[in-house]
Amino acid sequence: MKSVLVIGGGIAGIQASLDLADRGIKVHLVEKTPSIGGVMAQLDKTFPTLDCSMCILAPKMIECFRHPNITLHTLSEVSKVTGSAGDFYVNILEKARYVDASKCTGCGLCSEKCPVRLPSEFQAGMGTRKAIYMPFPQAVPLVACIDSEHCLYFQKGVCRVCEKLCPAVAIDYEQQPREVEVNVSSIIAATGFETYNPQEIGEYGYGRYKNVLTALEFERLICASGPTGGKLERPSDAKISHRIAFVQCVGSRDHRVGVPYCSSICCMYATKEAVLIKEHDPESAVTVFYIDLKVFGQGFQDFVERARDDWGVRYIRGRPGEIREHPFTKDLTIWYENTDTGKVSKTEVDLVVLCTAMVPRPENKELADVLGVELDEYGFLKAQDPLSNPIETNIPGIYVCGCCHGPRDIPESITEASGAVAKAAELIVKVADGGEG
Amino acid sequence: MKYALYLGCTIQAEQFGCEISAREVLPRLGVELVDMEGTSCCGFPAFSSLSTIGWFYLSARNLALAENLGLDILTLCNGCYASFVETKHNLEENADLKGFIQEKLRQEGLEYTGDIRVIHIIELLHDLIGTEKISETVTNPLKGIKLAAHPGCHAIRPSSLGRPDNAENPQKLDHLITALGAETMDYPEKTDCCGSMLATASGTTTLTIAAEKLKAVEGYGFDGLVTTCPFCFQMFDGRQGEINDIIDFIFDTDSEELEVPIFYYTQLLGLAMGLKPEKLGLELNLSPVDALVEKIAGGAK
Amino acid sequence: MTMGEPIVPRIGVFVCHCGINIGGIVDVPSVVEYAEKLPGVVYAEDNLYSCSSDGLNKLKEGIKQHNLNRVVVASCTPRTHESLFQDACEEAGLNKYLFEMANIRDQCSWVHMHEPEAATEKAKGLVRMAVAKARLLEPQEEPEIDINPTSLVIGGGISGLTSALSLSEQGFKVHLVEKQPELGGMLLQLEKLFPSDRDSMELLRPRIDSARSNPNIELHTTSKVKSVKGFIGNFDVEIESQEGDVKKLNVGTIIVATGAENLEPVGLYGYGEDERVITQLQLEKMFKDGSLEGVRTVVMIQCVGSRNEERPYCSRVCCNEAVKNALLLLKESGTRREVYILYRDLQTYGTHYSSMEWDAKKQGVKLIKYQAERPPEVISERDAVIVNVYSPLLDEEMSLRSDLVVLSTPLIPTEDAKELSQLLKVPLNSDGFFMEAHVKLRPIDFATDGIYLCGTAHSPKDVSESISQALGVASRAAIPMARGRLRTAAITAEVDESKCSGCGTCIELCPYNAITKDEREIARITSAVCKGCGVCGASCPERAITMHHFTDEQLGAEGLAALGRVDD
C-alpha cells in the first residue's frame, strides 16, 4: 500500500498524519520550519475551554515523532509533483540543518553560547533566538538548526563556537540539502495561514507605536513561555499594562485595505486573551472594540457572557477611528464612536492589541503551481466545491484541510484533517480494487 | 529648477513674511522663481463653497497661466496646492467639464491642457532639493531648539488624490526641520487641523481648535511651531492674540496665555542659512518670536 | 494477573539531569545516593538525558546487568515520556507495567527553581514514593479485542449519508438507520443552499442514489435504534421498524448523525397567531411552492428564541440563511421588493458568507441592528404586519409595514436525542446537543470508544461543515475498523465479586459506561471500554473495586512514603 503525503505540520497536518498512521497507512509529513506545531504551538491557551495550548498539542507532536508509520521531514519543502491520484511522485527538498539529528540530544548548549542574536519567529518577534537554535523547548524534532544566513561561520568564516562546545559532536557545517523522491497515493495540503501585517493602516500606528501589538505578539507576551515569562510588560518601558484595548477586524471586513471577509476567529481569541488578562490581574481594565460579535461556535456565546458578566470585560461596538501615542509616556489614546449610544469619545490605555485578519500564506501560490491546484480570489487554496465537496480540490487525489483554504478554528481544522484522511483512504481502497485514481 | 511662482491671496494680502522669506532662500537653493502675471485667487475655500464650476475655472485659469509660461507651478500654500490638484483631477475625470472650461479659457487666449505639475513647497524642499542639500547651506544650525511640525491638512489629505506627505504619519516637514539642525518629535496632535476653515462659520470653534493644538504643543515642551501654509500661519500666528483674549472661555477655566512662536518654514531656513531676520519678514510675525529669533540669530556669524 | 509467588523486588532507579533542567537545581548525585539506600533498590545511576538514545541504552543495559525486575525513572513528565521508557523496558525483556516514573522536573525543579535545597529534598521524596509503589507493582497484560469492520450510522440526512458512503468506499459495511421513510433529513425542507445558491436536491439526489445502490450499505428506513449493548468492536444493536420488526445487528462502531430540528417559536412575535409571521423553513417552502406573489415587503428577525436565557447559544446558520433568503426574495420578484433583516450581531463569518453579506448590501437588503434589551415589536393589522424596531445606529424608532415577517429560529436538539443518549450512554451538553469528548481536540469523538458524532446532532452548522464532519467521522471510525484488532489498556478496574453489594454507584458514576450489572446484580466491568480513571474505585462503598496498577496497597504505600514512612 502506498503512503500519503501531508504538507504542513500544524495541528491539521498532525491530526491527518496521526489518523493515517493509526490505521496503518504510512505518512510523509513535510514541514517547512525546523519543528512541527504550527501556530497552535505559539498560543498560550485555546478558546473557549482555556486549555493550555502546548499541553494539548505536545503529546500529539511527540506521537508524530515516535509513530512508526510517520516519517517527519522538517525544514523541508515539496519541490515537484508528478503523476496522478493513486500514484504521485513527489520530490521533497530537505534543507540542511547543519546539525546531525542522530547525534543531537537537544541539550541547548550551542544556542547558549552562540554570539548572534536575532528576532525569534516563534516569539513573533517579541523575543530573540540565536543563529543556532531550537525554535521552542518542546520542538519536534528536538534538534538544533543553524540559520546560515545569519551564522557568523557561514557568512564570514569565523566563530564555530557551537562546534567547539557541542558535547555530542553533532555540528556539521558540511551537511548538504537532500532531495528525496517519494511515491504516494494522495496528498493532503494543510499549510495553514498567516496574519495580516497592519502596518499599512497608518491610523492605528502599528510599527510606529511600540505599545501597539498584533494578537499573536500579545499571545507571546502573555504566555508563560514567552519573552517576559507571561508578565504583561509592555514593549516601550516594561511597565505592567493594566489598561488594555482590543481592536477587532483589523484588516478584515475591509474594502479599503486588507481583506473584505470576516476572519471568523478573532472575536473569540480576543475574548480569550481578555479573560487571560483578567486572570492575571482582576483589576485590569480590558475593552474590546468590535463591529459584530462572532459567537457562532460551540460554547462561544457562553464564553463571551462569562467574560463580560463574570470577568468585567467591556465590549464596545465601534471600530476605533484613530490611535494616538503620547510622546513621553507612550500611553495610547483611542478615539472611537460607541455606536450603541452614538457618542464619540476617547480612552487612554497602556497597550493596544490589534486583532488582525487571517490571510493566505504567500507561499500558497508556489504550492498551487507545484500541485496544480487552484487558488481562490483571495489566494487561499481552493476546495473543488466549498458547498458539497469541501475537502477535495480540482486535482483528484489532492485534498485540503484547515486554514489553508480559509479562516477556521482548531476543531474545524482537525475535523477536516480527518475528513481528508477518509478521502485518502477511499482512494487507496479504490486503487487496490483495480480502479483508477 | 525653474518654477512659476503662485502666491495666492493670503500671502499677498497679509502674510508677507511667507513670500519674503521664500524669495530670499529659494534662489540660494538653486531655484529660479518666475512671477506670473494676471493671476487670481485659486478659488479655495471661499469661492469653492459658492460655485464649484467657478472654483475650477479660477484654478484652471491659474494653471493655464503657468502652462503658458511653459513652467510647472509652485505654491507656497496648502490650500492653493489642494485647489490645483483637485481641479486637475476633476477635469481629468470629467471630459465634458474639461471641455467647457477649456472653451472659456480660450476666450481669454489661454490654453489649458492639464499637463502641468503642481509643486508644493514641502515637495520642492524635501523631494526635489533634498534635506542633504539643504543641510549643506546651513551655516547657523538651530541647535537645541525643539520645533513642532504642523504640515497642515491639505498637505496630507485626502490621501487618495496624491499629497506631498503621508496622511497618517507625515514626516517630511520633520526631516526638513532636523535638516536645519533643530530637534523635533512626533506628537499626537500633529495631524490636527488649525481650524481656519471654520473661521467664517464659527468664530469661537475655530479659535478653540487652534488653541487646543497650541496648548498641546506648548505642553510637550516645544520651543515653537513650524508650518508651510499661510492659512495655518495666519491662524496660529496672527490670531494667537485673539485666542489669548478669550482663553479662559475656551478652556472653561483660568488659563495661562499661550506663548507659542510660529514660523513659516522658509523663515527658519533663512535663519539657519545665516540670513538676517529682517530679510525674512520676521518682524511681521505676531506671535512671540522675538526672543527665539534673537537667540538663533545671535548665533549667526 | 499476579505471577503466583511473591517476587523479591530488584528495583533500579535512574535519575535524569535533563541537561540543566533538573540537574541545574536538584543535586542529582545526592538523589542517586539516597535512592541506593531505599529498601528494594539494588542499583541506582544518573543520566544526562534518560530519554536520549544513549540514556535508553543505559536503561536497558542496567536492567540486564543488574537483573532488575522493577524500574524507576526520575525525570520529566509521564505525559510525554512514559511510553518511551516503557517501550525500553519491554525491549529489555521487562513487562512495561513494572515501570514507574517520578516527575522531578515539572513537579520539582521547574517549580522550585529558587530553592535548590528544598527541591533536592522533594526529589528524594518523590523517588521514595515511586520506589514504594514500584515494590508492589505487578506485570499486566493488554488484552486484544477484535473489531467488527461494520459501522452503524444513525440518521440518514446529509451527514449520515456522507459518512455512510465514505465508510463503504473505504471497504467497510454500513447499516444506515433512518426513522423517516425517505432519506435526506432536513435538507428535504430546504430549497436553495447558501452560499452558492444551489438546489438542495442537487446535493442529496446523487448521495441517496449511491446509498441505495451501494452493496456495502444496508438501509433501514422507518426504523429506530431500540437497544445498544457492548463496546467498541462488538456492539450488539437492536433496530425496530415502525411496524414493530426487530433486527439484531453486530457492529464495530456507531456514528450518531441524527441531525436537529428547527424551533417553532410559538408565542414569539405573533407566531401562531398571525399566519403572516413564519419561520425561515416555512419561507423555504413558500419558495418551493411559488406562493410569494404579492409579497412586497419582508422583515426578517434574527435570534428569535436563541441567545437568550432559555437557549443561550448562537445557532450559527440563521444569519446566513436569512441573507441567502433575502437575496432570493430580491432575485425572484419581478417588482422591487424591500427586505429588512433585523439582527443583533451578523454571523456572516468566513470568505463565502462575508461575500454574500456584501452582495446583499449592494443589492439593497436593509440590515438593521437591534439591541438585545430592546427587541422588535410585531403588531398585526389588517393590511400589514407592523414591525417596530429601535435602531441604535440611527437613534431612531423605525416602523416597518410588511407583508411577511420571517423569524430566524435556532436549530434545537431532536426530541429523541435524550432517548438516544441514554441508549448509547453518551452525554448531552447543557444545550441538549450530543457532547463530544473534547471541544478542541476531539470534536467528533464521544468519550466512549467506538462511538462518533457528526452534523447538527453535535451543534448547529451549515451543510458543508456537516459534510466535513461526516467525512471526519468516517476516518475516526475507520481507524479501529481498519486495524481489525485493538489493544486495550491494562489499567482497568476489577470488581471483587464477593464484596460487591450491587448498589450501582459505580455504574452511575462511570463516565465511559464501562460498567453494567450482570444477572446476579453484581457490577461487571467491560475492560475493553474501561479507561482506568478510578472514579468507581474511589467511590465504591464496599471497597470492592481495585484499579490495576493503582491498587489500594500501592497507593497506600506511596502515600505513606510521601509522609516519610518507608516500610518494607
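Below, read A as the first sequence line, B as the second, and so on, with proteins coming before strands; counting in each chain starts at 1.
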Would you please name every residue forming a salt bridge (Lys or Arg N to Asp or Glu O under 4.0 Å) with C:R344, sequence neighbours left out? none

For the pair A:S53 (side chain) and A:M40 (backbone), establish whether a donor and an acceptor sit closer than 3.5 Å, ignoring hydrogens and angles. yes

Against chain C, label A:I428 side chain, backbone, both or neither, depending on which of its atoms sit under 4.5 Å from a heavy atom there. neither

So for C:I444, is it side chain, backbone, both, or neither that comes closer than 4.5 Å to the heavy atoms of chain A? side chain

Least distance between heavy atoms, C:P460 atom then C:R316 atom: O-CD, 3.2 Å

Please state whether the side chain, the backbone, both or neither of C:F433 comes within less than 4.5 Å of a heavy atom of chain A. neither

Given a strict heavy-atom distance threshold of 4.5 Å, which part of C:Q371 is in contact with chain A: side chain, backbone, both, or neither? side chain

What part of A:D302 is in contact with chain C, defined as an atom under 4.5 angstrom from a non-hydrogen atom: side chain, backbone, both or neither? neither

Any side-chain donor-acceptor pair under 3.5 Å between C:S408 and C:Y343? no

Show the numbers, then the answer: is there a side chain to side chain contact (heavy atoms under 4.5 Å, CB included) between A:D292 and A:Q248? CA-CA 9 Å; A:D292 284 291; A:Q248 302 309 109; over 6 Å; no

Are there residues of residues 469-478 of chain C whose heavy atoms fall under 4.5 Å of chain A's heavy atoms? If so, which? C:Q469, C:L471, C:G472, C:A474, C:S475, C:R476, C:A478

Closest-packed option against chain A by number of heavy-atom pairs under 4.5 Å, given C:S459, C:S430, C:S166: C:S166

Heavy-atom pairs under 4.5 Å with chain A: which of C:I467, C:L394, C:L441 has the most? C:L441

Interface moiety of A:I414 toward chain C, non-hydrogen atoms closer than 4.5 Å: side chain

Tell me, side chain or backbone of C:K369 under 4.5 Å from chain A's heavy atoms, or both, or neither? side chain

Can you tell me which portion of A:F300 sits under 4.5 Å from chain C's heavy atoms? Options are side chain, backbone, both or neither. neither

Could you list the residues that satisfy ring pair (Phe, Tyr, Trp, His ring centres under 6.0 Å) with C:F172, not counting sequence neighbours? none

Basic-acidic side-chain contact under 4.0 Å: A:K423, A:E426: yes

Cut-off 3.5 Å, side chains only: do A:D376 and A:H405 have a donor facing an acceptor? no

Whether C:K324 and C:E321 form a salt bridge (side-chain N of Lys/Arg under 4.0 Å from carboxylate O of Asp/Glu) is what I want to check. yes

Would you tabulate the side-chain donor-acceptor contacts of residues 199-207 of chain C under 3.5 Å, counting partners in other chains and residues two or more places apart, or write 'none'?
{"from": "C:D199", "atom 1": "OD1", "to": "C:K192", "atom 2": "NZ", "distance (Å)": "3.1"}
{"from": "C:S200", "atom 1": "OG", "to": "C:L187", "atom 2": "O", "distance (Å)": "3.1"}
{"from": "C:S200", "atom 1": "OG", "to": "C:L190", "atom 2": "O", "distance (Å)": "2.8"}
{"from": "C:E202", "atom 1": "OE2", "to": "C:R198", "atom 2": "NE", "distance (Å)": "2.9"}
{"from": "C:R205", "atom 1": "NH1", "to": "C:D209", "atom 2": "OD1", "distance (Å)": "3.1"}
{"from": "C:R207", "atom 1": "NE", "to": "C:T162", "atom 2": "OG1", "distance (Å)": "3.2"}
{"from": "C:R207", "atom 1": "NH1", "to": "C:L203", "atom 2": "O", "distance (Å)": "3.4"}
{"from": "C:R207", "atom 1": "NH2", "to": "A:S388", "atom 2": "O", "distance (Å)": "3.2"}

Under 4.5 Å to a heavy atom of chain A? For C:D87 that would be side chain

Ion pair check, A:R23 and A:D19, cut-off under 4.0 Å: no

Looking at C:T348, C:D395, C:V463, which has the largest count of heavy-atom pairs under 4.5 Å with chain A? C:T348

Which region of A:Q138, side chain (C-beta onward) or backbone (N, CA, C, O), has a non-hydrogen atom less than 4.5 Å from a non-hydrogen atom of chain C, or is it both or neither? neither

So, the part of C:S466 with a heavy atom under 4.5 Å from chain A: the answer is neither

Could you measure the distance from the CD atom of A:E377 to the OG atom of C:S355? Nearest 0.5 Å is fine. 6.0 Å

Can you tell which part of C:H438 gets under 4.5 Å to a heavy atom of chain A, answering side chain, backbone, both or neither? side chain

Measuring centre to centre across the rings, with the benzene-like ring taken for any Trp, is A:Y378 within less than 6.0 Å of A:Y261? yes

